[in-house]
There are 2 protein chains.
Amino acid sequence: MFSVLNMRSVSGDLTAKAGIRNAALGLFAERGHSAVSVRQIAEAAGVSPALVLHHFGSKDGLREAVDRYAAAQFDAFLQAPEEVGDVLTSGSNASMAELIAKVLPPGSPLPAYLRRLLLEGDPAGRELFRRWYEVSRALVERLIAAGFAKPTEDLQVRAAFMLTADLALLVLREPLTDALGFDPVSPDGLSRWAAEVTRIYREGAFVVPDETTDRSADR
Amino acid sequence: MFSVLNMRSVSGDLTAKAGIRNAALGLFAERGHSAVSVRQIAEAAGVSPALVLHHFGSKDGLREAVDRYAAAQFDAFLQAPEEVGDVLTSGSNASMAELIAKVLPPGSPLPAYLRRLLLEGDPAGRELFRRWYEVSRALVERLIAAGFAKPTEDLQVRAAFMLTADLALLVLREPLTDALGFDPVSPDGLSRWAAEVTRIYREGAFVVPDETTDRSADR
DNA sequence: GTCGTCCCTGAACAGATGTTTAGTGTACTG
DNA sequence: CAGTACACTAAACATCTGTTCAGGGACGAC
């Protein structure tokens with residue numbers, strides 16, 4: 001209808017194409033890929049269904065574009081690992097979920113899309129997880145070397161467990177909110193959740209059978 | 001084609017209706033509700049599409065029936081909480097995932113369907129999670145009272161965390177297998193995973209900054 | 001026998017699906 | 001100016017969707 005074309009020369013990414021991508025991101029995150037139609041995406045973006053296919057070739061092409069875009073957004077979180085010790089000393093940002101919830105605007109569809117990405121089984125999500133795992137493993141390694149974390153026989157599983165337990169908060173957010181009575185990904189809920197997780201990671205949760213003999217065995 | 005009708009009088013649940021339910025369970029678990037058509041379910045069950053609707057009214061009615069069936073299967077795991085101490089003393093069966101993987105036959109679609117149930121956001125999954133959370137909370141309470149677990153300020157979050165970290169293994173099984181190089185839900189992988197988790201729950205993972213001053217600050 | 005009941009099917013329904021085609025209008029290039 | 005390039009759309013495409021309809025065939029009741 002109106003002349004929106006001049007936008008193209010203004011900014012390289014504020015075009016209708018980006019609008020379609022964003023609309024698809026939101027709808028995919030909310031309902032899942034197969035439950036969203038091209039027409040619904042087009043309506044949400046305010047364009048015709050044909051334009052969606054014109055820009056992305058097919059619905060699957062759009063999905064891949066959205067996957068790449070979302071994965072790129074999340075990769076940004078891996079850029080700044082800060083100082084090694086900060087992860088522990090400043091009680092915050094110890095977890096990926098915490099970091100994500102803090103940096104992203106409250107209504108962002110990205111956390112929900114991350115859930116889909118990890119669960120829908122597409123290669124983009126698997127690769128993202130794999131990269132995060134590598135970072136997580138390297139971090140645990142450095143924390144142990146720096147004396148902030150206890151050494152373990154199974155570094156890989158330890159890193160995987162901590163990453164998994166972290167992401168699980170995001171993935172199981174809905175049933176958790178329902179069961180707990182509060183949203184553990186909200187700012188308040190998140191600090192409460194993180195406090196208890198830190199407690200477990202510092203003190204453990206179970207009582208070791210006979211502490212004295214165990215300590216003597218350590219020396 | 002053949003006369004399968006006499007089956008009806010033999011067993012109350014080995015009918016074509018149950019076959020449809022099982023076929024739907026497998027397909028739903030594998031691809032998700034919205035990605036499976038009635039015709040695909042009918043073909044997998046070896047019946048006509050019309051029969052699916054005849055027995056379950058609608059596709060959504062079938063989904064609800066499958067949900068109820070799956071939830072009932074999983075509720076069985078809550079029946080035998082055994083002795084309180086057993087959960088800790090015998091290193092096994094400390095986790096729900098462990099228990100599920102052990103009891104169910106290797107090729108069972110139930111774990112995958114549980115994933116869908118928890119993630120698809122339908123009320124059946126939320127109610128299941130809520131019940132498991134209650135059981136988990138009660139268990140932690142009893143473990144603390146019995147001296148097997150350390151007391152905590154936030155019992156609810158502790159129970160929720162342990163349940164979540166547990167289920168996350170099932171939910172994130174695919175990317176975990178990809179990143180770790182082995183399937184943590186397989187018998188071998190599971191024991192390796194459980195060993196490290198137990199280590200964390202007993203000894204913690206982080207080094208507490210300065211134990212003595214911290215204790216004096218507590219008083 | 002005839003009736004009713006229930007399991008089951010083939011064919012068709014209207015609507016939604018992803019996608020293609022032909023074409024319009026605007027903008028930059030020569 | 002004509003010409004190309006690109007964003008964009010309306011309409012139609014074949015196919016798939018969930019669902020309905022009319023009926024077939026086997027069973028027990030009367």
*Asks:* Starting at CZ of B/Phe56 and ending at P of C/dC6, how long is that distance when rounded to a whole Å?
*Replies:* 17 Å
*Asks:* By nearest atom, which of the nucleotides D/dT9, D/dA7, C/dC8 is closest to the B/Leu51 side chain?
*Replies:* C/dC8
*Asks:* Sequence neighbours left out, what passes salt bridge (charged side-chain N to carboxylate O under 4.0 Å, His left out) with A/Glu127? Give chain and number order.
*Replies:* A/Arg131
*Asks:* Taking atom P of D/dC16 as reference, at what distance in whole Å does atom CD of B/Glu43 sit?
*Replies:* 12 Å
*Asks:* Under the side-chain hydrogen bond (donor to acceptor under 3.5 Å, both in side chains) test, which residues partner A/Arg116, sequence neighbours left out?
*Replies:* none
*Asks:* List, one per line, each side-chain donor-acceptor pair under 3.5 Å for residues 42-56 of chain A, sequence neighbours excluded.
*Replies:*
| residue | atom | partner | partner atom | Å |
| --- | --- | --- | --- | --- |
| A/Ser48 | OG | A/Leu51 | N | 3.4 |

*Asks:* Kindly write out the residues that satisfy ring pair (Phe, Tyr, Trp, His ring centres under 6.0 Å) with B/Tyr201, not counting sequence neighbours, or none if the list is empty.
*Replies:* A/Phe206
*Asks:* Return yes if some donor-acceptor pair links the side-chain N/O of A/Thr152 with the main-chain N/O of A/Leu155 below 3.5 Å, else return no.
*Replies:* no
*Asks:* Using a cutoff of under 3.5 Å, can you pull out all pairs of nitrogen or oxygen atoms linking the protein to nucleotides 17-20 of chain D, with atom names and distances?
*Replies:*
| residue | atom | partner | partner atom | Å |
| --- | --- | --- | --- | --- |
| D/dT17 | OP1 | B/Ser37 | OG | 3.4 |
| D/dG18 | OP1 | B/Lys59 | NZ | 2.9 |
| D/dG18 | OP2 | B/Val38 | N | 3.0 |
| D/dG18 | N7 | B/Arg39 | NH1 | 2.9 |
| D/dG18 | O6 | B/Arg39 | NH2 | 2.8 |
| D/dT19 | OP2 | B/Lys59 | N | 2.7 |

*Asks:* Give the rounded distance in Å between these two atoms: CD1 of B/Ile41 and C1' of C/dT9.
*Replies:* 18 Å
*Asks:* Between protein and nucleotides 22-24 of chain C, what N or O pairs are separated by less than 3.5 Å?
*Replies:*
none

*Asks:* Please list every donor-acceptor pair under 3.5 Å in which a side-chain atom of residues 27-34 of chain A meets a protein atom from a residue at least two apart or in another chain.
*Replies:*
| residue | atom | partner | partner atom | Å |
| --- | --- | --- | --- | --- |
| A/Arg31 | NH1 | A/Gln40 | OE1 | 3.3 |
| A/His33 | ND1 | A/Glu120 | OE2 | 3.1 |
| A/His33 | NE2 | A/Tyr113 | OH | 3.2 |
| A/Ser34 | OG | B/Ser34 | OG | 2.9 |

*Asks:* Not counting sequence neighbours, which residues clear salt bridge (charged side-chain N to carboxylate O under 4.0 Å, His left out) with A/Glu134? List them please.
*Replies:* A/Arg137
*Asks:* Tell me which donor-acceptor pairs under 3.5 Å the side chains of residues 186-195 of chain A have, and how far apart each pair is, sequence neighbours excluded?
*Replies:*
| residue | atom | partner | partner atom | Å |
| --- | --- | --- | --- | --- |
| A/Ser186 | OG | A/Asp183 | O | 2.7 |
| A/Ser186 | OG | A/Gly189 | N | 3.2 |
| A/Ser191 | OG | A/Asp188 | O | 2.8 |
| A/Arg192 | NE | B/Asp154 | OD2 | 2.6 |
| A/Arg192 | NH2 | B/Asp154 | OD1 | 3.1 |

